[in-house]
Number of protein chains: 2
Amino acid sequence: MATLLRSRNALSLRVFAIQSRQMSSYGYEQAQCLSFAKYGEPKEVLKLHRHSISPAHGNLVTIKFLASPINPADINQIQGVYPSKPTFSGSIGSSEPLAVGGNEGLAEVVSVGNKVSKLRCGDWVIMNGPGFGTWRTHAQTTEDKLAPIRNHEGVTPEQVGTVSINPLTAYRMLRDFVPLQQDEWFIQNGANSGVGRAAIQLGKEWGYKSINIVRQRKSEEQMASLREELKTLGADVVVTDEEVQSRDFPKRVEELTGKAPVRLALNCVGGPLVNFMAKMLAPGSHVVTYGAMSKQPVSLPMGLLIFKNITFSGFWVSQWSKLHPEQRQKCIDEVLDLTRAGKFKDTPMQKVKWTGDGKSLIDAVQGTLDGFRDKSIFIFE
Amino acid sequence: MATLLRSRNALSLRVFAIQSRQMSSYGYEQAQCLSFAKYGEPKEVLKLHRHSISPAHGNLVTIKFLASPINPADINQIQGVYPSKPTFSGSIGSSEPLAVGGNEGLAEVVSVGNKVSKLRCGDWVIMNGPGFGTWRTHAQTTEDKLAPIRNHEGVTPEQVGTVSINPLTAYRMLRDFVPLQQDEWFIQNGANSGVGRAAIQLGKEWGYKSINIVRQRKSEEQMASLREELKTLGADVVVTDEEVQSRDFPKRVEELTGKAPVRLALNCVGGPLVNFMAKMLAPGSHVVTYGAMSKQPVSLPMGLLIFKNITFSGFWVSQWSKLHPEQRQKCIDEVLDLTRAGKFKDTPMQKVKWTGDGKSLIDAVQGTLDGFRDKSIFIFE
């Protein structure tokens, strides 16, 4: 978690700050954040909280956020149903302990203490782990909590601010479970999600073919437009969840793939859809679960495990990132390089300008619960 | 499948047989087998069939069975619900195509053709793959279908005749999914089954500790006796399925293991019991399924996959054996060596003498469906 200074210590620190060459005595920041004191529905527990951040000293770094997305897991975290818990602390000048929402984002370093060695003012940084609290204008922390993005040419703050969760999840799931070969197939549900779109594009780049399941849209027109959009990204086949559950679907898959084996399934939905996916997989395949949008468990017939040798695994990018910090950095650099080369497009995002108006900010968070909307991202000035 | 001669060819073959040095012209065998012409309940579809086997010639081998167990999968195969199907063939002198029951067993070579190079009369052999049909007094086949047991000192036909399925399943499940270290724990249900008992003993031999779940017995006395029996084999902890599903069980596991992580679960039951097992596993653990005695699927909460990183896999010894014939032979030799050393005891078996009385033989098969009974094994004279 971020280490933040208590504002009541500001005076003594200011004296110290003036002694330090690397910061100005004018370095006080008026910060705002979307914070919560207890778990609950975002609209009920989130508040816009204002506090002051004193100049960075010693090993501290002050950062100013540029772009912070609203991911579904952020909402679950506020609801208290996510296993990675935020830290409620009194460090942002509040009378009761507060946690700040958001786990992902891009910030710029605006002030560094004299013991900070790796970061400089103007550097772009992303968070090294979950639970930082990124829905805020400014934060003060130590440099070990931050990963610098050395090259910010040719990428936007929104692109960098959303690189560490969804693209990384897609990247590792395509690489770490089944050694897919060129022209081999994978299947995924939730194909229109951030991870889904990333998997389509990374898969395309690496020569994999994809069957992409999306929810049936209300109109044929909406459906055609979504299909077209995903195909433009590189999707080979786009089908609806209803089509997948029809009796003749396994035959259709055979026609679509020319009977080539489908050896990997990515699942963020859960429920019976997963069984339909598993049934069309080749023996020895993997189903990797990274989300549970339907909130339904999978009822796993034992025969699928024993005789078809299907393995069911899970993937959690937070845990993976913690265990593999260097590989994480490499993946991020690779995705950003693909982005620069025009081979990786970020998910359509609704930009929400961060204003002092708490209600509109909180509405943007709450609105994320409607899964048919574009993902929202806070943009700071 | 076994290649068996049609009795109508007997005359011409007899002439050939007389020309061959390696067999006697008196080598005709009067064979009996438990066979079925269509899938169904064993007591309804199994028949005792008699036929004649002519002397082995060319690359053929005649074997005489010594011991053939009745495994639950054999019953499922007769019911038509097992993925590995028997071959219905007209090769055993029947008017309609017949399949012979049983997949595992030990036989002795009684006659070999002049092109047979690796086997000699008197050799003990087990089957190289499933679907052979082992509930028979004699069979004629080619040597590639048979694996010789070179050393039959210090082991009984029952021990060798039951080594290739249950002990092998336990062996591979303990070794191939989680690299357990000395003194690490695993948990298993169906601990009183053939595989369960094998896992207890192999685990003990390799320094692993086991939590063993058995079904609650009717009386305390029966329960105490079973507990004692499994502990004698090497079980560290024996608990009932009811105890496992009680609220305070995770705490009890912590007390029993001294909070050491349990990283592997073996499952042959299915249903909600598996969830209770999975809940007490350490993050990153594996649940390996090799049976589905309860016939219930597992309702898999997605969080168990994603956040606890539990992997659900299956193991099917037939498939494994097919892919790893050399490792299979090594495992079998190792288990038989442990048996000779008194470190591996076979599962209690009810010996069923093979008589000409079809009804009593078929009753023994049907009785296997009652899971509380000792496993039955046909013993041939």
Side-chain angles (χ1 to χ4, degrees), chain A residues 72-73 76-77 81-85 130 169 172-173 176-177 189-190 195 265-275 278 283-320 322-323, chain B residues 72-73 76-77 81-85 130 169 172-173 176-177 189-190 195 265-275 278 283-320 322-323:
Chain A
N76 298 144
Q77 196 178 50
V81 298
Y82 200 67
S84 157
K85 305 291 178 197
T169 300
R172 300 319 319 183
M173 290 195 302
D176 294 348
F177 294 86
N189 59 30
V195 173
L266 311 182
N267 163 45
C268 67
V269 174
L273 183 60
V274 180
N275 296 64
S285 299
H286 276 247
V287 178
V288 187
T289 291
Y290 66 97
M293 290 302 194
S294 74
K295 293 185 184 162
Q296 288 175 36
V298 174
S299 178
L300 213 59
M302 297 292 91
L304 217 52
L305 294 169
I306 307 171
F307 304 120
K308 212 173 162 185
N309 193 21
I310 305 288
T311 299
F312 288 79
S313 310
F315 184 79
W316 190 19
V317 72
S318 303
Q319 186 63 16
W320 183 88
K322 200 172 147 186
L323 296 175
Chain B
N76 298 143
Q77 196 178 49
V81 297
Y82 200 67
S84 158
K85 306 291 180 196
T169 300
R172 300 319 319 182
M173 291 195 303
D176 293 348
F177 294 86
N189 59 31
V195 174
L266 311 182
N267 163 44
C268 67
V269 174
L273 183 61
V274 181
N275 296 63
S285 299
H286 277 247
V287 178
V288 186
T289 291
Y290 66 97
M293 290 302 192
S294 72
K295 295 185 184 164
Q296 289 175 37
V298 174
S299 178
L300 212 59
M302 297 292 91
L304 217 52
L305 294 169
I306 307 171
F307 304 121
K308 212 175 162 184
N309 193 21
I310 306 288
T311 300
F312 288 79
S313 311
F315 184 78
W316 190 19
V317 73
S318 304
Q319 186 63 15
W320 183 89
K322 200 172 148 186
L323 296 174

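Naming convention: chains lettered A, B, ... in sequence-line order (proteins, then strands); numbering from 1 in each chain. All figures in this text were calculated on a predicted structure; none of them were measured in a lab.
- Residues A/Met302 and B/Gln296 share a closest heavy-atom pair of CG-O, 4.0 Å.
- Pairing each heavy atom of A/Trp316 with each of B/Ile306, the nearest pair is CB-O, 3.3 Å.
- Contacts of A/Pro72 classified as side chain to side chain contact (heavy atoms under 4.5 Å, CB included), with partners at least two apart in sequence or in another chain: A/Met293.
- The structure places OG1 of B/Thr289 at 7.5 Å from CG of A/Leu300, a figure rounded to the nearest 0.5 Å.
- Contact between A/Thr311 and B/Ser313 at its shortest, heavy atoms only, is CG2-OG, 3.6 Å.
- Listed options A/Pro301, A/Pro283, A/Gly270, A/Gly291 were ranked by heavy-atom pairs under 4.5 angstrom with chain B; first place goes to A/Gly291.
- Counting heavy-atom pairs closer than 4.5 Å to chain B, the top-ranked of the candidates A/Ala292, A/Pro83, A/Ser84 is A/Pro83.
- When the candidates A/Phe312, A/Tyr82, A/Phe307 are compared by the number of heavy-atom contacts under 4.5 Å with chain B, A/Phe307 comes out ahead.
- Using a 4.5 Å cut-off between heavy atoms, A/Ile310 touches chain B through its backbone atoms (N, CA, C, O) alone.
- Expressed to the nearest 0.5 Å, how far CG of B/Leu305 lies from CZ of A/Phe315 amounts to 13.5 Å.
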